[in-house]
Number of protein chains: 2
Amino acid sequence: MSRRAVSANGRSGHGSQGIPEATIARLPVYLRVLYAFAEQDIPTVSSEELAAAAGVNSAKLRKDLSHLGSYGTRGVGYDVEYLVYQVSRELGLTQDWPVVIVGAGNLGRALANYGGFASRGFRIAAVLDSDPEVVGTQIAGHGVLDVEQMEQVVARHRVSIGVIATPAGTAQAVCDRLVATGVTSILNFAPVVLNVPSGVDVRKVDLSIELQILAFHAQRRSVVRVPQDAQAVGR
Amino acid sequence: MSRRAVSANGRSGHGSQGIPEATIARLPVYLRVLYAFAEQDIPTVSSEELAAAAGVNSAKLRKDLSHLGSYGTRGVGYDVEYLVYQVSRELGLTQDWPVVIVGAGNLGRALANYGGFASRGFRIAAVLDSDPEVVGTQIAGHGVLDVEQMEQVVARHRVSIGVIATPAGTAQAVCDRLVATGVTSILNFAPVVLNVPSGVDVRKVDLSIELQILAFHAQRRSVVRVPQDAQAVGR
DNA sequence: CCTTGTGAAGATATTCACAGCA
DNA sequence: TGCTGTGAATATCTTCACAAGG
């Protein structure tokens, strides 16, 4: 799956320390499901219900949540509102994260228009591109700026998260430049392995890798006909 | 990380059996790097070189490759061409995978235009949408078809991989319908947990989850100033 | 009672370190 | 000699199963 750079054992000084990476990766899913429960005005959920909705088993969910603290009530379950707050806080979503998107092609446009982007904590500070044809056009309410303005944009909006949606060929150069301006978290959609100095966190989203993993399993299925129930599914 | 449904221990009859899931997830990266070496006409690579380019450590790379067989030469390294072939074969990329994309919004368009899509094994059989405004328009050389034609398209092109690029609200319905027509591998871009019967493999790509994981680490970094070298990076 | 929180067991994954072979 | 392939050691993650507690 994805790339992780920072070793994540910074051991925070306050309450919770050393939350496992695998747990971190699931918290956003729990959070989304919790919001769904909240919207239906459901006040409390059991680990069983939450787990089912999130597609994991309940022991795992309980252990995950136990890393944040003891926020449940035995015999009852978890208070939805309260847990939303605690998970949000743990993920750092109680603060605002200005994001800069580099690359205003099809993908950049899709990202800028993606609803879940603006919601809950993330805000597009700017969309940048190097193509003079594209610079100046309007995308999701943002005028596309020239990539030359990266330094000013990052400084002015205190951007710490950069999204790379450029072609593979320019991704490393864009990345270097983002890092040079002080961006320390990068989400990379270009199909290349980025080289970054230590202290910079890179995550990768790669369509073709996902497809290839699917192909592997599909092939496997068609080669050996799997016995009826030698399969497990995420509920 | 991502979701995996099939338990993947089908134990194939021929040479290789039981390749770990973590290894499978890295093979596409190795493959991409190998292609880059091949393009530069480099005939052989050591595990050290390959690992560096792929952003992993060399012991891991060697162990990964050892699951496919003994394709290296001690004292020399791996033959690039040969390894490309072996990895491709293992991933099932020596055959053609027709893919149907459901949802022709910004994201669907971006996916259809994504170059790496058409390359190496994957072929867009059709792009479907339910919006009469969109049906009939042209995307990346494909006329958008009505989602009502899903069954015919899947049958005619023997599609086994479906990509869901619809809004969250309709994703489950689209998924159910794909499954009903016989699609057993699904790549989901909608921010929902899909329910599928056993035997169907779902992978999820979720922008906002990746952002939230980045936010967690970014917050962590800003709260506790990490000692200079208590960090490890993917090269 | 019912459900959380968690030690302990088990399963996977990573890394080390070196034997074995070209 | 140099690099692969791999047992053994370690670290991480998942699952079980039950004590603790509202």
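Naming: A, B, ... by sequence-line order, numbering from 1 per chain.
- Between the side chain of A:Glu90 and the main chain of B:Phe216, no donor-acceptor pair closer than 3.5 Å is present.
- Atom CD in B:Glu48 sits about 13 Å away from atom P in C:dT15, given to the nearest Å.
- At a cut-off of 3.5 Å, with distance as the only test, a side-chain donor of A:Asp64 or A:Thr23 sits close to an acceptor on the other residue.
- Note on the helix from C:dC1-D:dG22 to C:dA22-D:dT1: angle between the axes of the first and last five pairs equals 10°, rounded to 10 degrees.
- Remark: A:Lys63 is not in phosphate contact with C:dT6, judged by side-chain N or O atoms under 4.0 Å from OP1 or OP2.
- The OH atom of A:Tyr82 sits 15 Å away from the C1' atom of C:dT4 (whole-angstrom rounding).
- Atom NZ in A:Lys60 sits about 20 Å away from atom P in C:dG7, given to the nearest Å.
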- Message: Before you tell me yes or no, could you show the steps for B:Glu49 and B:Tyr78 under side-chain contact (heavy atoms from CB on, under 4.5 Å), namely the whole-Å CA-CA distance, both residues' side-chain angles and the distance that decides it to 0.1 Å?
- Response: CA-CA 10 Å; B:Glu49 295 167 310; B:Tyr78 301 90; over 6 Å; no

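- In this entry the distance linking NE2 of A:His67 with C1' of D:dT12 reads 11 Å, nearest Å.
- The only member of A:Val56, A:Leu34, A:Val80 that meets side-chain contact (heavy atoms from CB on, under 4.5 Å) when paired with A:Leu50 is A:Leu34.
- Mapping A:Gly75 and A:Ala59 onto DNA chain D by nearest heavy atom places A:Ala59 closer to the 5' end of the strand.
- Out of D:dT6, C:dT15, C:dT4, the shortest distance to the side chain of B:Arg62 is found at D:dT6.
- In this structure, A:Asn57 places its CG atom 15 Å from P of C:dA11, rounding to the nearest Å.
- D:dC13 atom C1' lies 15 Å from atom CD of B:Glu21, rounded to whole Å.
- Rounded to a whole Å, the CZ atom of B:Arg26 is 12 Å from the C1' atom of C:dT15.
- Residue A:Ser47 places its side chain closer to C:dT4 than to any other of C:dT4, D:dA17, C:dT14.
- Formation of a donor-acceptor pair under 3.5 Å by the A:Gln172 side chain with backbone atoms of A:Asn195 is found in this model.
- Within a 6.0 Å sphere centred on OH of A:Tyr85, heavy atoms belonging to other residues, nucleotides or ligands number 12 at most.
- Rounded to an integer number of Å, the gap from A:Leu61 CG to D:dC13 C1' is 15 Å.
- Contact annotation: B:Tyr78 reaches the phosphate of D:dG5 (side-chain N/O to OP1 or OP2, under 4.0 Å).
- The base of D:dT4 is paired with the side chain of B:Arg74 by a donor and an acceptor separated by under 3.5 Å.
- With 3.5 Å as the limit, one finds no donor-acceptor pair spanning the side chains of A:Arg221 and B:Ser160.
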